[in-house]
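Single-structure report; data block below.
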Amino acid sequence: MIETVPNRFAGRPYRVELGFPEYTSICPLTGAPDFGTIAIRYVPGETLMEQKSLRDFLTAFRGRELFQEEAVNEILDAVVESCAPVWCEVEGEFNVRGGMTMRAVARHGDEPG
């Protein structure tokens, strides 16, 4: 799914923040496109996500019909499965549709203090 590379600094708790401002998918009820920004924040374990692979994974949502909340949770599941982070947060901030904005946040693990 998402390729990984070894984390040379696995013993150090540091935070990685990635942004994908070109997220798109399709609303399963209306067939209308959804646009938004996905932010992924994580404290890596033994591996890091390879960014090109992550970009390709996120781009693949373009043709999928799913709710915005589902997308955020699916992305979190894929990140956790691929690189087993110590902690991870996926945030989706979606553009206005029907006069409403939407923001969903899903988390895994406990953020190191």
Side-chain angles (χ1 to χ4, degrees):
M1 209 181 262
I2 301 170
E3 296 177 28
T4 61
V5 296
N7 178 9
R8 292 182 26 224
F9 301 99
R12 178 184 301 155
Y14 65 97
R15 185 170 163 160
V16 176
E17 298 188 10
L18 302 163
F20 185 69
E22 298 177 353
Y23 174 85
T24 59
S25 61
I26 300 168
C27 174
L29 295 180
T30 66
D34 284 326
F35 300 95
T37 298
I38 301 294
I40 300 171
R41 301 171 191 93
Y42 73 107
V43 175
E46 296 298 317
T47 59
L48 300 166
M49 288 184 287
E50 194 278 318
Q51 290 183 31
K52 181 182 180 298
S53 175
L54 176 62
R55 183 205 63 210
D56 292 346
F57 169 76
L58 294 171
T59 300
F61 279 84
R62 282 189 179 151
R64 294 190 54 198
E65 292 186 4
L66 74 167
F67 293 109
Q68 298 162 342
E69 300 89 341
E70 293 176 316
V72 168
N73 280 284
E74 281 193 27
I75 294 165
L76 177 66
D77 289 346
V79 169
V80 170
E81 182 180 330
S82 69
C83 71
V86 173
W87 172 83
C88 183
E89 175 181 87
V90 175
E91 176 182 353
E93 190 163 343
F94 299 93
N95 294 4
V96 174
R97 185 162 51 91
M100 295 187 72
T101 61
M102 208 284 283
R103 179 177 170 264
V105 179
R107 292 184 183 95
H108 164 81
D110 295 321
E111 185 174 16

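Residue indices begin at 1 and follow the sequence shown. Bear in mind that the values here come from a model prediction, so they are computed numbers and not experimental data.
In this structure Ala84 satisfies the side-chain contact (heavy atoms from CB on, under 4.5 Å) test with no other residue, sequence neighbours excluded. Partners of Glu65 under the salt bridge (Lys or Arg N to Asp or Glu O under 4.0 Å) rule, at least two apart in sequence or in another chain, do not exist in this structure. Considering only residues two or more places apart in sequence or on other chains, Asp56 meets the salt bridge (Lys or Arg N to Asp or Glu O under 4.0 Å) condition with Lys52. Scanning for side-chain hydrogen bond (donor to acceptor under 3.5 Å, both in side chains) contacts around Glu22 gives an empty result, with sequence neighbours left out. Every side-chain contact (heavy atoms from CB on, under 4.5 Å) that Glu17 has, sequence neighbours left out, goes to Arg15, Arg41. Every side-chain contact (heavy atoms from CB on, under 4.5 Å) that Val5 has, sequence neighbours left out, goes to Leu48, Glu50. Under the ring pair (Phe, Tyr, Trp, His ring centres under 6.0 Å) criterion, Tyr23 pairs with Phe61, Phe94, not counting sequence neighbours. A search for side-chain contact (heavy atoms from CB on, under 4.5 Å) contacts involving Ala10 returns Asn7, Glu46, not counting sequence neighbours.
Using a 4.0 Å cut-off between charged nitrogen and carboxylate oxygen, Arg64 and Glu70 do not count as a salt-bridge pair.
In the hydrophobic clustering of this structure, Val80 groups with Met1; members are Ile, Leu, Val, Met, Phe, Trp, Tyr whose side-chain heavy atoms approach within less than 4.5 Å, directly or through other members. Under the 4.5 Å side-chain contact rule for hydrophobic residues, Val72 and Ile26 do not share a cluster.
Of all the heavy atoms in Glu3 and Ser53, the pair that sits closest is N-OG, 2.8 Å. Scanning both residues, Val90 and Ile40, for their nearest heavy atoms gives CG2-CG1, 4.2 Å. For the pair Ser25 and Leu66, the tightest heavy-atom approach, listed with the atom from each and the gap, is CB-CD2, 4.0 Å. The two residues Arg62 and Thr24 have their closest heavy-atom pair at CG-OG1, 2.7 Å.
Note that CD1 of Ile75 and CZ of Phe57 are 6.0 Å apart. Values are rounded to the nearest 0.5 Å. A distance of 7.5 Å separates CZ of Phe35 from CG of Asn95, quoted to the nearest 0.5 Å. Put simply, CD on Glu81 and OG1 on Thr4 are 11.5 Å apart, with the number rounded to the nearest 0.5 Å.
When side chains are defined from C-beta on, Leu18 counts as touching Met49, because their heavy atoms get closer than 4.5 Å.
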Result block: side-chain N/O donor-acceptor pairs under 3.5 angstrom for residues 99-108, not counting sequence neighbours:
{"residue": "Arg103", "atom": "NE", "partner": "Glu91", "partner atom": "OE2", "Å": "2.7"}
{"residue": "Arg107", "atom": "NE", "partner": "Glu89", "partner atom": "OE2", "Å": "2.6"}
{"residue": "Arg107", "atom": "NH2", "partner": "Glu89", "partner atom": "OE2", "Å": "2.9"}

Chi angles and distances behind the side-chain contact (heavy atoms from CB on, under 4.5 Å) call for Tyr42, Cys83: CA-CA 10 Å; Tyr42 73 107; Cys83 71; 4.2 Å; yes

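Other members of the cluster containing Val43 are Val86, Trp87, with ILVMFWY side chains joined at under 4.5 Å, either directly or via other members. Listed by chain and number, the hydrophobic cluster partners of Leu29 are Phe67, where partners are ILVMFWY side chains within reach of under 4.5 Å, directly or through others.
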